[in-house]
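Report on the structure given below.
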Amino acid sequence: MKFKTKVIHAGQEPDEATGSVITPLYLTSTYRQEAVSSHKGFEYSRSGNPTRKVLEECLASLESGSFGLAFASGMAAEHAVISTLRPGDHVVACGDMYGGTYRLFEEVFKPFGLEFSYVGWEATEFERAVKDNTKLFWIETPTNPLIRLIDIRAVADIAGKNQIKLVTDNTFATPCFQQPLLLGADLVIHSTTKYIGGHSDLIGGALILNDRDWYDRIRYIQNAVGAVPGAFDSWLMLRGIKTLAIRMKQHEENALRIAAFLEDHPMVSEVYYPGLESSPYYELAGKQMSGFGGMVSFKLKDGNIDIANKFFKKLKIIALAESLGGVESLINYPSVMTHGSIPEKQRIAIGITKDLIRLSAGIEDAGDLIGDLSRALPSA
Ligand SMILES: *Cc1c(COP(=O)(O)O)cnc(C)c1O
C-alpha cells in the first residue's frame with residue numbers, strides 16, 4: 001500500500017461484528033472474561049484497548065515499522081524510552097530540540113543517575129561525543145525551532161558502528177515526508193498532538209520500532225506506568241490520520257510561499273526553511289525527505305520581545321500560541337514560550353535569540369496568510 005492508502009486503511013479493517021467502516025470507539029475500562037485467564041485479548045484498558053490497538057497498528061504501518069505504541073503525550077512516549085536505560089547510561093542528544101525534552105532529561109532523569117551530552121547538528125559531533133557508556137543517540141530532524149536538518153543515515157551509521165541505538169523525533173516531518181526507520185534509525189518518536197492529530201484537539205504521543213526485545217520492554221513500561229491515551233483521543237488521532245497526506249501537502253505549499261515572501265521582506269533578517277534553494281539543508285532535504293514540511297522560522301531585524309509583541313498583536317488570522325501542526329496557522333516566540341526551559345546561555349548558542357519567531361503554516365489560503373503577515377510585520 002502507498003502512503004495515501006495506508007492513512008485510510010492500515011490497521012483499520014471494517015469492524016468484524018458490525019461492518020462499521022470506521023473503527024469503533026471502545027469506551028470501556030474492562031472486558032468480561034469467559035473464565036479465569038480466558039479473554040479475547042483485552043483485560044483492562046491500561047494494558048490494551050481495541051481503539052488504541054488499531055491506532056498503534058496504523059502508526060507502525062505509516063512509519064514502515066513493525067511495532068507501534070501510543071501514549072498520552074509526546075513526553076510520556078519519551079519518558080518510556082529513557083525508562084529502558086539504567087543509572088550510569090549515557091545519551092548524546094542534538095542541542096537544537098524541543099525544550100520539554102531537554103527538561104525531561106535534565107530535571108527528571110539526571111537526578112536518577114543518567115548522563116546526557118548535547119552536541120550540534122553535524123553527524124561527526126555525535127561520533128566525538130561517544131563514551132563507553134553511551135547507549136542512545138537522540139535527534140530531531142527537522143529541529144525545533146531552527147528547522148535544521150540532521151543527516152539520519154550518517155548518524156545511524158555511527159550509532160551502528162558503536163552498538164548505540166538511534167532515536168529520531170519525527171514530529172515535524174511526519175511519516176508522510178520522512179521515514180527514519182528506513183534510513184537506519186532504531187526508534188521513531190512522535191508528538192501526535194501536532195501533525196498526526198492535526199486539529200489541535202488532543203494531546204498524544206507515539207513510538208514506532210522494529211526491535212522486538214526493545215518493544216516488549218517499552219510495552220511493559222507503557223502498561224506498568226500507565227501513560228496511555230484514552231479511547232476517545234485514540235479515535236481522534238485515527239480520524240486525524242485519514243487526512244494526513246493531503247494536509248501535509250497543503251502545509252508544505254503554504255510554508256513554501258510564506259518562506260519565499262519572508263525571504264524578500266526588508267524587516268526579516270533570516271529565514272529558516274529547507275525548501276528554500278538558499279537553505280544550507282536544501283540538498284539534504286532532497287536526500288532524506290519527500291517534502292519540506294510546514295514549519296518556517298525567521299528572525300526580525302533588530303527584533304526583541306516588544307517588537308515581536310507588536311507584530312503578534314497586529315495578526316488577525318495567525319494566532320500566537322504554543323504548539324504546531326494543526327490546520328490553523330500558529331506563531332510562537334521560542335525564547336520565552338516553547339524553549340523557555342532551556343538555560344539562556346545554551347539557548348543563544350543554539351541560535352534561539354530574542355529576534356527568533358517560529359511559524360506553523362496551517363492549511364488556510366496562502367494569500368490570506370501572507371496578507372496577514374504583510375500587514376503585521378514592522379515597516380522598513
Ligand atoms: C510538542 C513536541 C514534543 C512533546 O510532545 P507533547 O505531545 O507536547 O507531550 C516532543 N517533540 C517535539 C518535536 C514536539 O514538537
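One is the number of the first residue; the rest follow in order along the sequence. Atoms within a ligand are numbered from 1 in the order they appear, just like the ligands themselves.
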Verify the distance criterion only: is there a donor paired with an acceptor across the side chains of [X] and [Y] at less than 3.5 Å?
X: Asp15; Y: Ser20; value: no
X: Tyr98; Y: Thr171; value: no
X: Asn170; Y: Thr168; value: no
X: Glu322; Y: Thr338; value: no
X: Glu56; Y: Gln222; value: yes

- [ ] Could you pull out every protein residue that has a heavy atom closer than 4.0 Å to ligand 1, ordered by chain and then number?
- [x] Ser73, Gly74, Met75, Glu78, Tyr98, Glu140, Asn144, Asp169, Thr171, Phe172, Ser191, Thr193, Lys194, Gly204, Leu324
TODO: Quick one: list whatever passes side-chain contact (heavy atoms from CB on, under 4.5 Å) with Lys242, sequence neighbours left out.
DONE: Ile8, Gln12, Ile22
